[in-house]
J.: 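A single structure is presented below for examination.
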Amino acid sequence: MSSLKELSKLLGVSISTVSKALNNADDISAHTKKRVKELALALNYQPNKMGAALRNKKSKTIGVIIPDILNPFFAEVLFGIEKYCSLKGYDTLVCISNDLTSKEAEKIKLLKSGSVDGFLISLASQTQINQDYTHIIKNIPSNELVLFDRLTHHISCDKVSVDDENITYKTTKNLIKNGRKSIAFLSTIEHLEIGKERKQGYQKALKEAKISNNKNLELSLETNAVMHNQIKEWILSNEFDAVIAADNTSGIIVQNFLLALKPIKAKKIKVIGFSNANQSLLTFPQLSYIDQNAELIGQKAAELLINRIQNTNKNKAFTHIKIPASII
């Protein structure tokens, strides 16, 4: 394996020139960059990231903490993060909090010991419920943190999310416009801020349309063993012409139950969930869904953090990017 010194000797240029060319510095010509990169590839040159980190006080590594690795939404967000970080020459270290504050604190400590340059975090549900953010505020400078999807106004930093209240409001308005009057709302995330915002959007649209919705049409669930039975009993006990599911599981369950329990009425009931193209194929007919553009959320979160890391103006005002969602 070659070193920068060997590359510079073979090319007849300085070590500094080789280093700059490999890092796409603006003051190095395209011709020189091409020569350096071709030789580096031919000789299997691998940069010494640890040495570079010590010299530059930067590890070029981003720490990512998500609440749930099994949730397809977070898998898509991670794809967007990794894609953008790789493009910019950054590595990612991913940890799972399992929705526990203690785990979240533990993972922050672990990643800090590995000298990451910054953090991308989607808050654990326990952290949001208890509103306990001490472990984050005390250990991560605001300009080294971006929160995504699960946010809080108690932490000042850059943030990325979908405009949850607005997209649910628009979805409900569209259903009303198309003649739906008995619109149900299901959620397994009512304890989270995003769950509350989605429900607020739904209720706002009903209020504006002067629809006094039967409270029985609002069902709050927990993702546990009895969830299926709760949904089954709720479907059998209520009449509705549309359903909005605030998460990416209950909508699929409702669609399938309707076909089994009320096959004739099921064709006339519109079910819309927060989901993606792949998940929507798990039902027949295919589930209508609100696409949160999860990959773009990951990309924008990574972009905000890397720009903040590379920007010498650390005092630039924090921003909250709201990604547009689409009704598919």
J.: With side chains defined as the heavy atoms from C-beta onward, is the minimum distance between Asp117 and Glu144 less than 4.5 Å?
T.: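 SC-SC contact between Asp117 and Glu144 ruled out.
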J.: Can Glu76 and Asn276 be said to form a side-chain contact (heavy atoms from CB on, under 4.5 Å), step by step?
T.: CA-CA 10 Å; Glu76 282 191 71; Asn276 59 36; 2.6 Å; yes
J.: For the pair Lys199 and Glu190, find out whether any cationic side-chain nitrogen is under 4.0 Å from an anionic carboxylate oxygen.
T.: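 Yes, charged N to carboxylate O under 4.0 Å.
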J.: With side chains defined as the heavy atoms from C-beta onward, is the minimum distance between Ile28 and Lys20 less than 4.5 Å?
T.: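 Counting from C-beta outward, Ile28 and Lys20 do come under 4.5 Å.
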J.: May I have the step-by-step check of side chain to side chain donor-acceptor pair (under 3.5 Å) for Tyr169 and Glu208, ending in yes or no?
T.: CA-CA 10 Å; Tyr169 169 77; Glu208 284 184 4; 2.5 Å; yes
J.: Do Ile15 and Leu43 sit in the same hydrophobic cluster, where Ile, Leu, Val, Met, Phe, Trp and Tyr count as joined when their side-chain heavy atoms come under 4.5 Å apart?
T.: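 Same cluster: Ile15 reaches Leu43 through Ile, Leu, Val, Met, Phe, Trp or Tyr contacts under 4.5 Å.
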J.: Is a donor from one side chain sitting under 3.5 angstrom from an acceptor on the other, for Ser16 and Ser19?
T.: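 No, Ser19 and Ser16 have no side-chain donor paired with an acceptor closer than 3.5 Å.
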J.: Tell me the closest heavy-atom pair linking Ile290 and Ala325, and the distance in Å.
T.: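 Minimum heavy-atom separation between Ile290 and Ala325: CG2-CB, 4.0 Å.
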J.: Look at the side chain of Ser142 and the backbone N and O of Ser156, then say whether any donor-acceptor pair between them is shorter than 3.5 Å.
T.: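 At least one qualifying donor-acceptor pair exists.
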J.: Counting distance only, does the side-chain N/O of Arg35 pair as donor-acceptor with the main-chain N or O of Leu11 below 3.5 Å?
T.: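 Indeed, once roles are kept as given, a pair shorter than 3.5 Å links the two residues.
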J.: Just wondering, are more than 12 heavy atoms of other shown residues or ligands nearer than 6.0 Å to NE2 in His228?
T.: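 Counting neighbours around NE2 of His228, 12 or fewer heavy atoms of other residues, nucleotides or ligands fall under 6.0 Å, so no.
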J.: Please name the pair of heavy atoms, one in Lys60 and one in Gly89, separated by the smallest distance, quoted to 0.1 Å.
T.: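 Scanning both residues completely, I find the closest heavy atoms to be CE-O, 3.7 Å.
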J.: Can you find a heavy atom in the side chain of Cys95 that is under 4.5 Å from one in the side chain of Glu106?
T.: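 No - every pair of side-chain heavy atoms lies 4.5 Å or more apart.
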J.: Is there a side-chain contact (heavy atoms from CB on, under 4.5 Å) between His135 and Thr127? Walk through the geometry before answering.
T.: CA-CA 10 Å; His135 58 294; Thr127 301; 3.9 Å; yes
J.: Using a distance-only test with no angle check, is there a side-chain donor-acceptor pair under 3.5 angstrom linking Glu165 and Tyr202?
T.: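 No, no side-chain donor-acceptor pair sits under 3.5 Å.
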J.: With a 3.5 Å distance limit and no angle check, can you tell me whether Asp247 reaches the backbone of Ile189 through a side-chain donor-acceptor pair?
T.: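 Not a single qualifying donor-acceptor pair exists.
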J.: Could you tell me whether Arg180 and Asp241 have a side-chain N and a carboxylate O separated by less than 4.0 Å?
T.: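 No, this pair does not count.
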J.: May I ask you to test the Lys83-Glu295 pair for a side-chain heavy-atom distance under 4.5 Å?
T.: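 Yes, at least one pair of side-chain atoms sits under 4.5 Å.
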J.: Can you measure from CG (Leu259) to NZ (Lys265) and round to the nearest 0.5 angstrom?
T.: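 Rounded to the nearest 0.5 Å, the CG-NZ separation comes out at 14.5 Å.
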J.: For residues Lys300 and Leu296, determine if any side-chain heavy atom of one lies less than 4.5 Å from a side-chain heavy atom of the other.
T.: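 Yes, close enough: below the 4.5 Å cut-off.
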J.: Cluster question for you: counting only ILVMFWY and a side-chain heavy-atom cut-off of under 4.5 Å, with indirect links fine, are Val226 and Leu221 together?
T.: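 No, Val226 does not connect to Leu221 through the hydrophobic network.
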J.: Would Asn216 and Ser237 count as a side-chain contact (heavy atoms from CB on, under 4.5 Å) if you check the C-alpha gap in whole Å, the side-chain angles of each, and the deciding distance to 0.1 Å?
T.: CA-CA 9 Å; Asn216 290 336; Ser237 304; over 6 Å; no
J.: Checking Lys232 against Phe257: charged group under 6.0 Å from the ring centre and within 45 degrees of the axis?
T.: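 Geometry flag: not set, cation outside 6.0 Å or 45°.
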J.: Examine distances only and state if a side-chain atom of Glu104 and a backbone atom of Ala124 form a donor-acceptor pair shorter than 3.5 Å.
T.: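 Side chain of Glu104 to backbone of Ala124, a donor-acceptor pair under 3.5 Å: yes, one is there.
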J.: Closest heavy-atom contact between Ser122 and Phe148?
T.: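 Taking every non-hydrogen atom into account, OG-O, 3.1 Å.
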J.: Would you compute the distance between atom CG of Asp149 and atom CG of Leu120 and round it to the nearest 0.5 angstrom?
T.: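 If we round to the nearest 0.5 Å, Asp149:CG and Leu120:CG are 13.0 Å apart.
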J.: With a 3.5 Å distance limit and no angle check, can you tell me whether Ser326 reaches the backbone of Ile328 through a side-chain donor-acceptor pair?
T.: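 No.
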J.: In Å, rounded to the nearest 0.5 Å, how long is the span from NZ of Lys270 to CD1 of Ile183?
T.: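 Spacing of NZ (Lys270) from CD1 (Ile183) equals 12.5 Å.
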J.: In terms of hydrophobic clustering (I, L, V, M, F, W, Y; side-chain heavy atoms under 4.5 Å; direct or indirect links), are Ile297 and Leu192 co-clustered?
T.: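 Ile297 does not cluster with Leu192.
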J.: Flag yes if more than 12 heavy atoms outside Asp26 fall under 6.0 Å of its CG atom; otherwise flag no.
T.: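 At most 12 heavy atoms, drawn from other residues, nucleotides or ligands, come within 6.0 Å of this atom.
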J.: Tell me whether Phe79 shares a hydrophobic cluster with Ile66, the cluster being built from Ile, Leu, Val, Met, Phe, Trp, Tyr side chains joined at under 4.5 Å.
T.: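 No, it is not one cluster - the side chains of Phe79 and Ile66 are not joined through contacts under 4.5 Å.
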J.: Quick test of your reading of the model: are Glu239 and Lys262 salt-bridged, counting only N-O distances below 4.0 Å?
T.: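 A salt bridge is present here (some side-chain N lies under 4.0 Å from a carboxylate O).
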J.: Please write out which residues are connected to Leu111 in a hydrophobic cluster, directly or through intermediates, given that two of Ile, Leu, Val, Met, Phe, Trp, Tyr count as joined at side-chain heavy-atom separations below 4.5 angstrom.
T.: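 The other cluster members (ILVMFWY side chains, heavy atoms under 4.5 Å, direct or chained) are Ile65, Leu93, Ile108, Val116, Phe119, Ile121, Leu123, Tyr133, Ile136, Ile137, Ile140, Leu145, Leu147, Leu151, Ile155.
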J.: Minimum heavy-atom separation for Lys159 to Thr152, with atom names?
T.: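 Here Lys159 and Thr152 meet closest at NZ-O, 2.7 Å.
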J.: In Å, rounded to the nearest 0.5 Å, how long is the span from CZ of Phe318 to SG of Cys157?
T.: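 Answer for the CZ-SG pair, Phe318 versus Cys157, is 7.0 Å.
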J.: For Thr188 versus Ser250, what's the shortest heavy-atom pair and its separation?
T.: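 What the structure gives for the nearest pair is CG2-CB, 4.5 Å.
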J.: Report yes if some heavy atom in the side chain of Tyr90 is under 4.5 Å from a heavy atom in the side chain of Ile309; otherwise report no.
T.: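 Result yes, sub-4.5 Å side-chain heavy-atom pair found.
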J.: A side-chain contact here means heavy atoms from C-beta on lying under 4.5 Å apart; do Ile167 and Ile327 qualify?
T.: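 Yes, at least one pair of side-chain atoms sits under 4.5 Å.
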J.: May I have the step-by-step check of side-chain contact (heavy atoms from CB on, under 4.5 Å) for Asn98 and Asp68, ending in yes or no?
T.: CA-CA 6 Å; Asn98 289 326; Asp68 181 5; 5.9 Å; no
J.: Measuring from atom CD1 of Ile252 to atom CG of Asn248, what distance do you get when rounded to the nearest 0.5 angstrom?
T.: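 If we round to the nearest 0.5 Å, Ile252:CD1 and Asn248:CG are 7.0 Å apart.
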J.: What closest approach, in Å, do Pro72 and Gln279 show between heavy atoms, and which atom pair accounts for it?
T.: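 Closest approach of Pro72 to Gln279, heavy atoms only: CG-NE2, 3.6 Å.
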J.: Picking from Glu193, His320, Glu197, Lys322, what satisfies side-chain hydrogen bond (donor to acceptor under 3.5 Å, both in side chains) with Ser161?
T.: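 By the side-chain hydrogen bond (donor to acceptor under 3.5 Å, both in side chains) criterion, Ser161 pairs with just one of Glu193, His320, Glu197, Lys322: His320.
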J.: Counting only heavy atoms not in Lys37 (residues, nucleotides, ligands), do more than 12 fall under 6.0 Å from its NZ?
T.: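 Count over threshold, so yes.
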J.: What's the spacing between Ile129 CD1 and Gln131 CD if we round to 0.5 Å?
T.: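 Between atom CD1 of Ile129 and atom CD of Gln131 there are 10.5 Å.
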J.: Answer whether the closest heavy-atom distance between the side chains of Asp158 and Leu305 falls below 4.5 Å.
T.: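 Heavy-atom side-chain distance check fails, nothing below 4.5 Å.
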J.: Quick check on the hydrophobic clustering: are Val243 and Leu236 connected, directly or via other members, by side-chain heavy-atom contacts under 4.5 Å?
T.: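 Yes.
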J.: Distance alone, cut at 3.5 Å: any donor-acceptor contact between the side chains of Lys107 and Ser97?
T.: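 Not at all, the side chains of Lys107 and Ser97 share no donor-acceptor pair under 3.5 Å.
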J.: Under 3.5 Å, side chain of Lys33 to main-chain N/O of Ala25, donor-acceptor pair present?
T.: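 It does hold such a pair.
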J.: Determine, stepwise, if the pair Asp132 / Thr134 fulfils side chain to side chain donor-acceptor pair (under 3.5 Å).
T.: CA-CA 6 Å; Asp132 179 9; Thr134 309; 3.2 Å; yes
J.: If we count only N and O atoms by modelled type, under 3.5 Å, do the side chains of Thr32 and Ser29 hold a donor and an acceptor together?
T.: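 On atom types as modelled, these side chains qualify, holding a pair under 3.5 Å.
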